[in-house]
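Below: the structure, in structure tokens.
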Amino acid sequence: MKSFLRFIFIFLVVLNSSAQQTKAAKAADLESAYDIQDSVMIKTRDGALLSAMVVRKKGVNAPKPVILQYTIYVRDKGRDIKSLKEAADKDYIGVIAYARGKRFSPDEIFPYENDANDVYDVIDWISKQNWCNGGVGMFGGSYNGFTQWAACKKMHPALKTIVPYVASKPGMGLPMENNVFVNPNYEWSFYVGNNKYLDTVAGNDRKRFRAMMFKWWETGAAYKKMDSIDGTPNRLFQRWISHPSFDKYWQDMGPYGKEFAKINIPVLAIDGYYNDSQNSGLYYLRELEKYNSKANYYLIIGPYSHIGAQREGNAVLNGYKVDANALINTNKITYQWFDYILKNGTKPKILKDRINYQVMGADEWRGASSLDKMSNGFLTLYLTNTIVKSEKFYSLNAEKPSKKECLTQEVDFAERVNSNNDYYPDPIIKKEIDTSNGFVFISDPLKEPLLVNGSFLGEIKASINKKDMDLGITLYEVTPEGEYFHLSYFIGRASYAKDIATRNLLKPDKIESIPFSNTHLVSKQLRKGSRLLITLNVNKNPFSELNYGTGKVVTEETIKDAKEPLRIKWYNDSFVKIPIWK
């Protein structure tokens, strides 16, 4: 019996070894199916060298269309090669080029600044290779989405289409939102800028950067001293904050103004209602609509986060259970699109119209011919100073008040125990909201269901005792059950409300009109009995720079500039316009 068991044991060991050898052989065969050039160097017109990889299927000699990714994220040991092989498996040539200074590039790293010219040179190099049939498509998300739009600043004839997901727009979303510098890009600058690959140690050190952020908040140091508090110079952070206006520095990084009129290729963009940088991605499309009436573009948008929009969505997003039909396969749709444009294939089924959006609460997809056509009307509501009976909120009323009156608020920037402006949508559904500061305005219950569709906007009428302020406005649905469903928000600097490129300081104690519009787009079916709610506040918290209102450069202001509290009069002819579909 022992001999028999020993025989079985030896047999299983040999069988397992054989299986492993077979598996290894298959992997080797699969690997040998690709022609991988992993050390390509491409010279730019100004003499820089860019590192790139090219993957083709072996034995295929006919020229093919090329799928290009242009990125600052170097993950060449796994994910990058995998994505290149996928392109080859789908009968394309796969190319990844890395931003100037990354991987084998000997140059200095300056995110955003050189990409428009460098991507053009990479596409030009690709178009001259004998394996390229003259057609190049690009895809990718976040920074990779930005580089695709950057490639459109000066159109190369070989670029046939782009598929940007949640595209970043430097100066518009990050590192500042409506001219308010926000903190997430601070640590990102170390992550991508510290070495030729990625500094995952610094990039993942949340404890370090949270400690820095809260120490800055508690001590009242100038925002520009953040890296002094951290103890490590941050050259990119300092470079960015020296441009608080949307000036030529930011404008040169991608298509701007009339340059959008020259974008003549099909575009498929993918974005999310809860993508932090949504106003970046949609900026490009809005400008494209503005300057090019014949633009050939499509948008897919739904309840996705920044990461979810680049993958297959999130079944549960910030505590909200997403409708099942909202979950899409971004990668699959991308290659369907490439086949459609580059190989005369079939258009992806999801693209019923130019704008394809998922309606939260209705579990359905709808379409529109443009971003503006998502709505066919507005619900205009005034932020009154009338207390709602039996409530602690003020009335959000469709009728403009007959008498001009105001609500008063005082914000002491020297006091660091409390924060103002709780605007971030996490969780999306709340049992209660912060009423400790700012003002809350609530509408009457809806007499019938209402579809909120698009980006809300409005105008705040206010007077302050200083020269500037940063304000926050958040839009909620209050469900019949009393829960608060976060729909959209806005943070922005009053002095840039009318022109993001030029600062116009407010005149103390004079009533000013502060328009706002660059809010986050959303689609949500509201039920009968629901109510709309607006929170209005001054932005004062550890998560973005503090505007003390002196009129000086905000990044240079300190707690010493907080001697006199900010006093605001919010006037009752302030209003919001909620985009709706009737």
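One-based numbering along the sequence shown.
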Taking Asp107 for the side chain and Arg100 for the main chain, is one N or O donor matched with an acceptor at less than 3.5 Å? no
Verify side-chain hydrogen bond (donor to acceptor under 3.5 Å, both in side chains) between Asp118 and Asn114, making sure each step is shown before the conclusion. CA-CA 6 Å; Asp118 289 355; Asn114 298 296; 5.1 Å; no
Is the cationic atom of Lys154 (NZ for Lys, CZ for Arg) positioned less than 6.0 Å from the six-membered ring centroid of Tyr120 and within 45 degrees of its normal? yes
Only one of Asn144, Leu68, Val163 passes side chain to side chain contact (heavy atoms under 4.5 Å, CB included) with Phe139, and that residue is Val163
Between Asp124 and Lys128, is the closest basic N to carboxylate O distance under 4.0 Å? yes
Given 3.5 Å as the limit, does a donor-acceptor pair link the side chain of Glu289 with the main chain of Leu371, or not? yes
Hey, are Thr44 and Asn117 close enough side-chain-wise for a donor-acceptor pair under 3.5 Å? no
Residues Glu259, Lys153: salt bridge by 4.0 Å N-O rule: yes
If only atom types and distance count, is the side chain of Lys196 paired as donor or acceptor with the main-chain N or O of Ser105 below 3.5 Å? yes
Does a side chain donor of either Gln69 or Ser83 reach within less than 3.5 Å of an acceptor in the other side chain? yes
Using atom types as modelled and distance alone, determine if a side-chain donor or acceptor of Trp250 lies under 3.5 Å from a backbone N or O of His243. yes
Counting the benzene-type ring for Trp, do Tyr489 and His520 have ring centres under 6.0 Å apart? yes
Side chain Asn195, main chain Leu198, donor-acceptor under 3.5 Å: yes
Distance under 6.0 Å and angle within 45° of the ring axis: does Arg56 meet both against Tyr34? no
Looking at Tyr283, Tyr112, Tyr284, which hits ring-ring contact (aromatic ring centres under 6.0 Å, His included) with Phe146? Tyr112
Ring pair (Phe, Tyr, Trp, His ring centres under 6.0 Å) pairs touching residues 299-327, sequence neighbours excluded, are Tyr320-Phe485
Output yes when a side-chain donor or acceptor of Asn292 lies under 3.5 Å from a complementary backbone atom of Ile263, and no otherwise. yes
Where the side chain of Asn183 meets the backbone of Pro542, is there a donor-acceptor pair that is under 3.5 Å apart? yes
Side chains of Tyr273 and Gln358: any donor to acceptor distance under 3.5 Å? no
On a heavy-atom basis, the closest approach of Ile328 and Ile300 is CD1-CG2, 3.9 Å
Short N-O contact, Arg210 and Glu187, less than 4.0 angstrom: no
In a table with atom names and distances, give each donor-acceptor pair under 3.5 Å that connects a side chain of residues 422-429 to protein atoms at least two apart or in another chain.
from: Asp422; atom 1: OD2; to: Lys430; atom 2: NZ; distance (Å): 3.3
from: Tyr424; atom 1: OH; to: Asp276; atom 2: OD1; distance (Å): 2.8
from: Tyr424; atom 1: OH; to: Asp276; atom 2: OD2; distance (Å): 3.0

Atom pair CD1/CG of Ile42 and Leu50 - distance to nearest 0.5 Å: 6.5 Å
Under 3.5 Å side-chain donor-acceptor pair for Asn539 and Asp470: no
Asp91: partners by salt bridge (charged side-chain N to carboxylate O under 4.0 Å, His left out), with sequence neighbours left out: Lys64, Lys343
Kindly state whether the ring of Phe190 and the ring of Tyr186 have centres lying under 6.0 angstrom apart. yes
Taking 4.0 angstrom as the limit, do Lys57 and Asp35 come out as a salt bridge? no
Taking the six-membered ring where the residue is Trp, are the ring centres of Trp240 and Phe181 under 6.0 Å apart? no
Looking at Arg75 and Asp80, does any basic side-chain N land under 4.0 Å from a carboxylate oxygen? no
Do Thr330 and Arg311 have a side chain donor and acceptor closer than 3.5 Å? no
Donor-acceptor side-chain pairing of Asn331 and Asn329 below 3.5 angstrom: no
ring-ring contact (aromatic ring centres under 6.0 Å, His included) test vs Trp216 passes for just one of Tyr223, Phe209, Phe543, namely Tyr223
Taking the side chain as C-beta and beyond, is there a heavy-atom pair between Ile265 and Asn296 under 4.5 Å? no
Can you tell me if Arg206 uses its side chain to pair, donor with acceptor, with the backbone of Gly203 under 3.5 Å? yes
Just say parallel, tilted or perpendicular for the rings of Tyr548 and Phe413, cut-offs at 30° and 60°. tilted
Parallel, tilted or perpendicular, judged at 30° and 60°: which one describes the rings of Tyr191 and Tyr73? tilted
Smallest heavy-atom separation, Tyr496 atom then Ser245 atom, equals OH-OG, 2.8 Å
When every non-hydrogen atom of Ser32 is compared with those of Lys58, the smallest separation belongs to O-CD, 2.9 Å
Can we say Glu545 and Lys224 salt-bridge, meaning some charged N sits less than 4.0 Å from an Asp/Glu carboxylate O? no
